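Note sheet for the following structure.
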Amino acid sequence: MNHIKLLFFATIRDRAGVKSIEMDIPAEMTIHELKEKLVGEYPALKESLHSVLMTINREYAFDEAVVPNNAEIALFPPVSGG
Amino acid sequence: MNHIKLLFFATIRDRAGVKSIEMDIPAEMTIHELKEKLVGEYPALKESLHSVLMTINREYAFDEAVVPNNAEIALFPPVSGG
Amino acid sequence: MQPANLPTIFSVTEDEIDLNDLLAKITLTSTGAAAIFTGMVRGETSRGDAHVTDYLEYEAYIPMAEEKMKQVADEIRAKWPIVEGIAVVQRIGRLYPKTPTTLIACTAAHRDTGVFDAARYGIDRLKEIVPIWKKEIGPDGSEWVEGDYIPKPGE
Amino acid sequence: MQPANLPTIFSVTEDEIDLNDLLAKITLTSTGAAAIFTGMVRGETSRGDAHVTDYLEYEAYIPMAEEKMKQVADEIRAKWPIVEGIAVVQRIGRLYPKTPTTLIACTAAHRDTGVFDAARYGIDRLKEIVPIWKKEIGPDGSEWVEGDYIPKPGE
């Protein structure tokens, strides 16, 4: 098992209803698989999934990326700063 | 006769050795004629004449312009602010 | 070509953006020109859905935002090696109309070096890849402002 | 389209240029973006004849300079009617390296409106038609900096 920390921002945080959680996930889990697992736990995230951005250790990460142990994962909508 | 005030700036002032003078000039004198008159009085201005800019009442003025009575005339090199 | 000590400022802050101070920090002895962009909270927007804004609430994923600001500065230096100093700042928290919220500033020896384009590129990239979001609060309620850029691998 | 009360600041001054204050003065409720240019005294110049500068002495034909700054602002508004506020400032007197000497700032609702081009146009025009001159004082003596633009009738 790998231990990870998850951070939620903006609309994603509002939908999930949490700011951050820690969880254990199977080794070799991909970002795509993690997304599916999260939608299982937070069904309200489903409608955000087409546009959610995910990061691993503060770098943008894509579906096929494998989540390493002790990763800091973030989920958020396209950015709108400025 | 027309009465005018002349202002000299930057290199032109350094060459003429004065900041401002007042003088009387014939009515209907053009900028071109005024320039020739000034070179007669301030021979050091001669080498600046190809690039000197002149203004009448704070607007750029050219050789054929006629100098009105009570005009404020300025002579200066191309500008270099910023 | 590029001394290692060129000043690069990147910061997510709750404090007022001080243009005088930031400009001084990115001005070198060889600097003759600065192009500065600031974004402000609009109290009234007429483009698109015309609306009134009471205030914006900004939030950021701060450590990543600062890393991505550094990346924006690195991209600017790669494209415009003549740029001397760079500042990339985002203010967060509750910000009212007319308040500067972001600043991108680039300095160079001369103004005809691309320094304006560099600042323009900086604000465009900030709005693409730096994880900051804003919620708009107006007379009809609140709404997150949604961006539309999807970063590509390696960004 | 253009309310009559759009703020336009033009000034020749011996005082420090305060970017925060000037920006606030040209920010309207509808303003979301500002493009600001500042020029600074270079202590070391490497382009062309490389040289060191101790300080610059600026002088201006002040009443005409302020009229021509107003004209630059009018030209900007004619070319970019979306521009909201404009500031055109020149500091004069003895100015040392790293000191801001001039500022051109334009504000608009959005950044993709030409507001960067407007500020760039402003500084280019200031250096063409606004009667200000500078003398450079360095270790080898002093020399007037010569411009090269000859205004045309009507400018």
Side-chain angles (χ1 to χ4, degrees), chain B residues 3-23 29-36 38-39 42 44-68 70-82, chain D residues 10-13 17 37-42 56-72 88-93 95 100-104 120 122-136 142-155:
Chain B
H3 184 77
I4 62 169
K5 182 171 184 185
L6 281 156
L7 306 172
F8 302 89
F9 293 96
T11 46
I12 306 296
R13 183 196 54 236
D14 285 359
R15 291 218 169 102
V18 289
K19 265 177 102 151
S20 74
I21 50 175
E22 306 207 8
M23 60 165 64
M29 186 176 245
T30 64
I31 282 287
H32 180 74
E33 291 161 349
L34 175 59
K35 233 190 258 185
E36 293 197 323
L38 289 169
V39 170
Y42 302 95
L45 289 185
K46 198 172 166 82
E47 60 176 301
S48 297
L49 276 195
H50 64 286
S51 67
V52 72
L53 303 182
M54 290 185 67
T55 61
I56 300 175
N57 297 331
R58 304 168 191 174
E59 289 293 347
Y60 289 106
F62 300 86
D63 279 354
E64 56 289 356
V66 172
V67 180
N70 295 316
E72 178 177 292
I73 305 291
L75 284 87
F76 49 75
V79 309
S80 61
Chain D
F10 38 94
S11 132
V12 175
T13 177
I17 296 178
F37 175 84
T38 63
M40 277 78 74
V41 179
R42 271 190 311 280
L56 298 179
E57 280 280 354
Y58 281 81
E59 75 171 72
Y61 177 13
I62 294 178
M64 178 171 168
E66 293 187 341
E67 286 177 23
K68 288 293 154 188
M69 287 172 161
K70 167 79 164 56
Q71 178 181 323
V72 170
V88 182
V89 179
Q90 173 77 47
R91 188 172 176 192
I92 58 171
L95 297 173
T101 58
T102 191
L103 172 141
I104 312 281
R120 175 69 196 269
I123 181 61
D124 288 348
R125 285 299 274 164
L126 179 132
K127 285 169 175 263
E128 287 179 348
I129 65 167
V130 179
I132 302 161
W133 306 271
K134 61 192 169 205
K135 186 156 55 171
E136 197 164 342
S142 75
E143 192 173 12
W144 285 99
V145 179
E146 290 272 336
D148 54 16
Y149 189 82
I150 308 295
K152 294 177 285 295
E155 275 193 307

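This structure is a prediction, so every number in the text was calculated from the model and none was measured. Within every chain, numbering begins at 1; the chains are lettered A, B, ... in the order of the sequence lines, protein sequences first and strands thereafter.
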| task | Check the pair D:Lys135 / B:Asp14 against side-chain contact (heavy atoms from CB on, under 4.5 Å), numbers first and verdict last. | result | CA-CA 12 Å; D:Lys135 186 156 55 171; B:Asp14 285 359; 4.3 Å; yes
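- The candidate with the highest count of non-hydrogen atom pairs below 4.5 Å against chain B, out of D:Phe37, D:Tyr58, D:Tyr61, is D:Tyr61.
- Going from atom CD of D:Gln71 over to atom CZ of B:Arg58 covers 14.5 Å, rounded to the nearest 0.5 Å.
- For chain B, the option among D:Ile123, D:Ile92, D:Thr102 with the highest count of heavy-atom pairs below 4.5 Å is D:Thr102.
- Highest contact tally toward chain B, considering only D:Gly154, D:Pro63, D:Ala65, is held by D:Pro63 [criterion: heavy-atom pairs under 4.5 Å].
- Contacts of D:Lys68 with chain B are made by side-chain atoms alone, with heavy-atom separations under 4.5 Å and no backbone atom involved.
- In D:Glu143, the CD atom is not crowded: 12 or fewer heavy atoms of neighbouring residues, nucleotides or ligands sit closer than 6.0 Å.
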| query | Do B:Arg13 and D:Trp133 pass the side-chain contact (heavy atoms from CB on, under 4.5 Å) test, and can you show the C-alpha distance, the side-chain angles, and the key distance before you say yes or no? | reply | CA-CA 12 Å; B:Arg13 183 196 54 236; D:Trp133 306 271; over 6 Å; no
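- Pairing each heavy atom of B:Pro77 with each of D:Glu146, the nearest pair is CB-OE1, 4.1 Å.
- If you measure heavy-atom distances from D:Val130 to chain B, the contacts under 4.5 Å come from the backbone alone.
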| said: Under the criterion side-chain contact (heavy atoms from CB on, under 4.5 Å), I'd like the reasoning laid out for B:Tyr60 against D:Ile129: C-alpha separation, chi angles, the key distance, then a yes or no. | reply: CA-CA 9 Å; B:Tyr60 289 106; D:Ile129 65 167; 4.2 Å; yes
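- For the set D:Glu155, D:Lys134, D:Glu57, D:Arg91, the entry with the most heavy-atom pairs within less than 4.5 Å of chain B is D:Lys134.
- Remark: D:Asp148 CG is loosely packed, at most 12 non-hydrogen atoms of other residues, nucleotides or ligands lying under 6.0 Å away.
- B:Phe9 touches chain D through backbone and side chain together, each having a heavy atom under 4.5 Å away.
- With a 4.5 angstrom heavy-atom cutoff, D:Tyr149 touches chain B only via backbone atoms.
- With a 4.5 Å cut-off on non-hydrogen atoms, D:Glu128 touches chain B through its backbone but not through its side chain.
- Of the residues considered (B:Ala61, B:Gly82, B:Pro78, B:Ala74), B:Gly82 shows the highest number of contacts with chain D, using heavy-atom pairs under 4.5 Å.
- The two atoms that bring B:Ser80 and D:Gly147 nearest to each other are CB-N, 3.9 Å, heavy atoms only.
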